[in-house]
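By convention in this document, chain letters (A, B, ...) are assigned in the order of the sequence lines, proteins followed by strands, and residues within each chain are numbered from 1.
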Amino acid sequence: MSRLYDTVEPAVIDEEMLKKAVEEQGPKEEAGKIAKQEGIDFGDVLSLRLDFLNILKIDNLWEFTKLTKLQLDNNIIEKIEGLESLVNLVWLDLSFNNIEVIDNLDSLTKLEDLTLYSNRISTIENMDSLLNLHVLSLGRNQLTDLENLRYLRRFKNLKTLNLSDNPFCKQDEYKQYVIAFLSNLEFLDYRLVDQQSRDAAIEKYQVSRDEMLHNEKQAEIKKEDETKRQQELEKHKNAYVELMNGPDLFEQMYAEDKEGQKLNEMPEKFMQICTQIFDFGIAEHEKREEEVKSFWECVEEAKQDNKRLGMVHIDEFTETKKRMLLEMSQMSDHKMVEQYARDYNDKIQVLWDKLMGLELQLVDQLEEVIKEFERNMQDMVGTFVENVQALLSQCRDLENNHHEKMMEIAIVTLEKVIKNELDDEISDDLKMLLVDKDTIINAVSSSHDVHLLKIDNKEDDIVTRINQSLKNLIEQIHQDEEITRNRMRVSEINNLIDHLREEMDNLEVMQN
Amino acid sequence: MDSSEMNEGEIHQIDSDDVIKEEDETENEEGEDLTEDAEALKAELAKIVVHPPSYEQSLMEEFDQAEFSPSYKDNLPKENLVLQYAENFRRQMVQLYRDRKPLFLNPVNECGVEKFVCTTIRPTLLEFKELYNWDGAAEFVADYLNIEPLKPEYELPKRLISPSTVLKRQKGNCFEYSTLLCSLLIGAGYDAYVISGYATKETCLADESRDICPLLKKKEEVQEEARKKEMKKYNVKPPRDLRSKFELKQEAKKEAEKQAEKEKQRKEEEERIAELEKPPPDPYFGLRIHAWVLVLSGKREVPENFFIEPFTGLSHPMDSSNYLGIESVWNNVNYWVNMQDCSEGVKGLSFDLGDSTVWEFMFPNNDKPLLKIPDAEDDLNDMDDDERKKYLDDEEHEVEKYLDMPPSWVDALKLSHRDFQMRCPHGKKTKVYKRAKLEKFAHYLMKDGLISRLSVYEDRELTDLMKVHEYYAHRSDKLTQKLTNHRTGQVCENFDPGRPRCLKEHQFKSSTPGPENERVMIFYHEARVDGLVKREETQTEMTEEYSNRDDFLFYKYVEFGKRAKKFGPQETSSANKGRPINKMIQKFHRNRNKPANEDIAEIIFHVAEDKIHISYHTEDVRIAASTREFLKPPNWDEKGAVLTFNPEMHQTFQVDPMLPMNKQVELYEMLMELLKAEEKCRNEVRDSQNEVRNILDDRTKEEAASELDISVYDTERNEKAKKHRRELERQQLEEKMRKQEMDIDYLAPFLAKIGNPEKLSKQQAFSLKEECLADLKQRLIDKANLIQARFEKESQELEKKQAWYQQNQVSMGKEDEEEYLTYCKEAIFRIHILDLRLTRHKEQAPHKYMQLEQKLRNDERLSEFF
């Protein structure tokens, strides 16, 4: 070992290297022989070891998609890369390399054991998605900041941690700090963390730890609220009435209408109708969900019944087959054997008839049910659309009324302005509009048009979305339940029958 | 009355005997010269024959009068009053209803004193929790006592023995049974009454040989109503039924006819049997007197009135055909006479005791014991004091008007724990039922822990034994039940949890108890590591069922071949070797974590043919399952041999033809796994066989030993615990003694000085006292001096320090100065404390001195001199 570190020729992960490693580490003895004859697919390999190979760059591993354990220790790797496709990885060893930054590990969500011992890492980062981490080794690195360790709190399953030989280990409070802030740890730096030292550490950092816990809790609550809100919104969206339980539509109406905004305030009645639409939409949505659920339950039930019957037939046949084969094997008379073979073939035919009959029956049943379901769903959607339209037309009426009143007020105000009877209270913007009759009328009617347009848009949106989704649902049902399922079952039955016939033929050949 | 008459008669008899003797003597003397007259007289006299009345010992068993308390031997004035009242009542009844049978009102007790029946009931709640409920109490009374039938059976007994005596002698007639049971029930809070009336012969004699044993009565199976299939909106229509409706109808009709025919036959047969089994007609039917217990609804959450038969301890409904009529009813407060017609038996009788048209009451004060209504009491509390007083006065006033029931004259009922556990007289009782015999034994009475044995016979004469059901308790091998079927020779043993191999039930043939025979073993599978539920064996097969296993195995079947017979010298090891295995089947539940196509449902190891057959589970959307078949390599059982593989050794059927074929390596590895699994399965089978053998060995050993367990809480029986307790008590006592000795003897050192004399002279006593006091004085002074010395030392030191400070004040740094100041503070504190201590000591010292003097004065060794 007289060669210098710098003079080592870096190696590249190429096919030859991989093949060699796979063969060396693959099955042994007889199995190995068979495997060699057949060749090994990289995609089937579960564990791979590439250590002491002076690898500089991780590359060409995209084919090993099933890999759960990968060892790349004792190389000269400088950057973590090329591991994106190894999503099944559970065990990753990158110790004794020259890595400076933790990076590119986001896709390895199943990772439980990560070793980065003896590298040049100075900060713990970019591991947000590794939530299953159990064991983490970051010993002999360049970690200097104890605060940075709080990053590890997000790994709820982390039980074993190695941080020895880092610069911050020289600080007196290092150990207690780690134990206090990562109180789920069971092993730290090769040692069991006992309850006593844990209590002591927690006591020492009581205040800051409590504060941190409090903040975390707050954040968690916030997050939960957010997800809850999202779910609610999602549900409303599925009911096609999202944001109708607030002043949203109204605000939208005035969003693009700056003049109107100045003249208006939120009317109570409008709000009421919106809420009505919202409630109605939610109720209808629940009804539809119920309908769909009951449909699927029945379909599942029918399929299960059918499956059971089919299996009974097959089991019966298997029993007969066993008996007949046993009898045949004991027979010596050639004619009798042939007779039996014919019988057997007949029985296969009968089985096919039965299974196909069952399948046809199921197809008929499902077709009928699906039709009924389709009809009911269309009715429901129809009523929903009609009701929503009726409610929205009420909105339109309100808007019309409002428009008329607005016009009156505008004209009256204009007259006042002309007569200079108005107080100075009105804003300058408004003064700009109140110059002559045309301007004010134009402003008011254009605002009215915008409002009507918004309401129309909302209506269109609801109606098209609900119709579209209904269409999709029905189409999908047709595709899945009628066509795909039927084809699969028929091919299955035929496959089975073919197999049975073949078996018979083979037997005859053998006997002959 | 009877007894006195009889006694007189006896005396008379003796007198006449003497006379005859005398006459005989004279006859002998004058024997030679008998005149004709005399002969005639003799002949005349010979015609007169007297039959001395036979004295019935059993009816009037004598009691040792000394045993009883005075209340048994005498009547209180109030009791006499009640008796008079009762006599008056009886006369009135006789006057009004001449045809009525006499009432059971005031029989004599065991001391020959007339007592009113109501006062014989002594409500008692014993400490045994079994007696708190009516069924437990009734069963206890039925078990605990032996029956003395009434003699004659159509007359009321003359004597009613108190329940306390009945408990002691453990036998009694139906009235005594009922009185005891009623005492227990009322004590437990039931609304219970003794009934005097008429019953069938079987009931009066407690002849249950016509009844089916209650243990044999099958519980009515709760027919689980088939859950109606919920009609859902989208249920698929069933395929059309293409059979002829008419034919179906005809068939159904035929079937129904057949059923009706069968039913009819069965009914006829039943009737025939019932006719055969009817008891012979009873000449005293309707006249046999009986007493039993009535429990009325209302208290203790009893929903309906019912009777309790005291001889059997069973409840009977209100329309029971066993009871033929009711004369009177009483409890500890009142006596009611039935005024209803009993020609139809007890069916339809009203038990509304408050209704005076159907029940004539004796004491008018409270016609029916009513439940106390809490509201009334609350009202009482709410009332003002005056009002309450007035109310109470009224009440008292009212009560005074009537005669109320005096308290019971019977002593408190007592029952020792031991007697309660012995249950039956001498711990044994035998009952005969229809085609069955039940023997009961007290716990720990029988060596093998037997507590009851039920023998079932084919015929009513109890000669043809069918099966025997034995119940055990406290056995160390946890055996609880044993059912022996004498017809089939089948034996079924049940065990409690806690055996080493978790055996729960064991069925085998008594003729072939050895291993490798027909048997069924059921286990407590929750307690077993391998989750074994059941193992069934025949001579050539073994089936095992499992539950809740991690590897989803639930069924294992093994088929054995015949042992190869060896000629020539027998090897000793071959006897232990198991039978060869022909075939093994393992079945597995679906493991949802694996795809169905790789999840094995069934493996069949054809050991004899060197084949392994696998079936996989069916996928959810499919109806067929994949299968696979391996031929084992020829050298599979050679150790260390390299196993070769070629594609011909494997056959498969894949349900989904689109799936890629398995690689050869995978197949090879799969085969290796299967070989291992086969080996494992074979070992498990051998283990099972060994386990069966071990269990059987254990059973034989246990049967031979049949030890009983004694609970550590059973202080009576558990010798070890008893010893331990005694030991503890002894230790405690010793500890106490030692403590007493340890009390300080303040005179001891001074007594030792003068050589511990037995007796003190006056002078010695004085000097002893002086010495003792002087010693204390000295010690007190010493202590004061010590405190003073310390005080002075501290103050000196402080002064020194102060002086030093004065000198060096200028050159000192801040830290030194602070140090000095803290020192000063502490020193002053110490001095202060010492000062306080001294003053307190000064105050207390004289008191201490006085105390000692007082003590010495009272000391027993010195007291005589002072």
Side-chain angles (χ1 to χ4, degrees), chain A residues 26-27 29-41 44 290-291 294-299 301-315 318 355 357-359 361-362 364-366 368-370 372-373 376 485 488-489 491-496 498-500 502-503 506, chain B residues 229-240 242 597 601-602 604 606 609 613 615 617-629 633 635 640-673:
Chain A
E29 289 176 26
E30 182 67 18
K33 217 165 86 191
I34 296 168
K36 213 167 190 180
Q37 276 174 8
E38 215 177 2
I40 301 171
D41 274 347
D44 293 338
E290 191 60 36
E291 194 78 7
S294 115
F295 168 75
W296 282 118
E297 262 173 25
C298 290
V299 168
E301 217 169 84
K303 283 203 297 204
Q304 284 300 329
D305 282 350
N306 198 279
K307 182 186 165 184
R308 214 161 36 236
L309 278 176
M311 281 172 81
V312 166
H313 285 313
I314 291 178
D315 285 348
T318 318
L355 293 178
L358 275 175
E359 171 57 19
Q361 181 193 320
L362 184 65
D364 280 352
Q365 287 170 335
L366 288 183
E368 206 170 319
V369 167
I370 290 169
E372 197 187 333
F373 174 69
N376 285 342
R485 198 199 57 75
M488 198 173 110
R489 176 57 54 85
S491 76
E492 184 190 349
I493 292 170
N494 282 330
N495 183 22
L496 177 71
D498 285 351
H499 168 71
L500 292 173
E502 207 172 297
E503 224 176 29
N506 281 345
Chain B
K229 230 179 158 187
E230 229 178 297
M231 271 314 284
K232 281 183 205 140
K233 204 169 170 185
Y234 294 109
N235 266 351
V236 291
K237 283 185 190 129
R240 273 183 100 167
L242 298 175
N597 233 7
E602 188 185 49
I604 307 175
H606 296 280
E609 298 158 47
H613 184 90
S615 317
H617 279 283
T618 321
E619 270 175 71
D620 290 339
V621 291
R622 295 184 184 272
I623 52 170
S626 304
T627 61
R628 217 179 268 286
E629 202 170 278
N635 56 346
V642 177
L643 303 180
T644 50
F645 180 77
N646 58 52
E648 271 122 62
M649 288 160 69
H650 168 252
Q651 277 184 338
T652 183
F653 162 64
Q654 290 292 325
V655 181
D656 189 354
M658 300 306 177
L659 275 181
M661 293 296 282
N662 289 77
K663 288 198 162 186
Q664 294 296 319
V665 189
E666 282 176 59
L667 293 175
Y668 179 77
E669 272 164 4
M670 200 184 288
L671 180 61
M672 294 297 119
E673 288 293 315

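No side-chain N or O of A/Gln361 forms a donor-acceptor pair with one of A/Asn306 less than 3.5 Å apart.
Under the 30°/60° scheme for interplanar angles, the aromatic rings of B/His606 and B/His613 are found to stand perpendicular.
Heavy-atom distances place both the backbone and the side chain of B/Phe653 under 4.5 Å from chain A. In this structure, no portion of A/Lys303 lies under 4.5 Å from any heavy atom of chain B. Contact annotation for A/Ile370: neither backbone nor side-chain heavy atoms come within less than 4.5 Å of a heavy atom of chain B. Contacts between A/Leu496 and chain B at a heavy-atom distance below 4.5 Å involve backbone atoms as well as side-chain atoms. Interface residue A/Asp41: backbone and side-chain heavy atoms are both found under 4.5 Å from chain B. Interface residue B/Glu669: only side-chain heavy atoms are found under 4.5 Å from chain A.
B/Gln651 is linked by a side chain to side chain contact (heavy atoms under 4.5 Å, CB included) to B/Glu629, counting only residues two or more places apart in sequence or in another chain. Every residue meeting the side chain to side chain contact (heavy atoms under 4.5 Å, CB included) condition with A/Leu309, not counting sequence neighbours, appears here in chain and number order: A/Leu358.
No donor-acceptor distance shorter than 3.5 angstrom exists from the side chain of B/Thr627 to the backbone of B/Thr652, with no hydrogens or angles considered.
Most heavy-atom pairs under 4.5 Å with chain B: of the set A/Asn495, A/Val369, A/Ile314, this distinction falls to A/Asn495.
A salt bridge links A/Arg485 with A/Glu359: the distance from a Lys NZ or Arg NE/NH1/NH2 to an Asp or Glu carboxylate oxygen falls below 4.0 Å.
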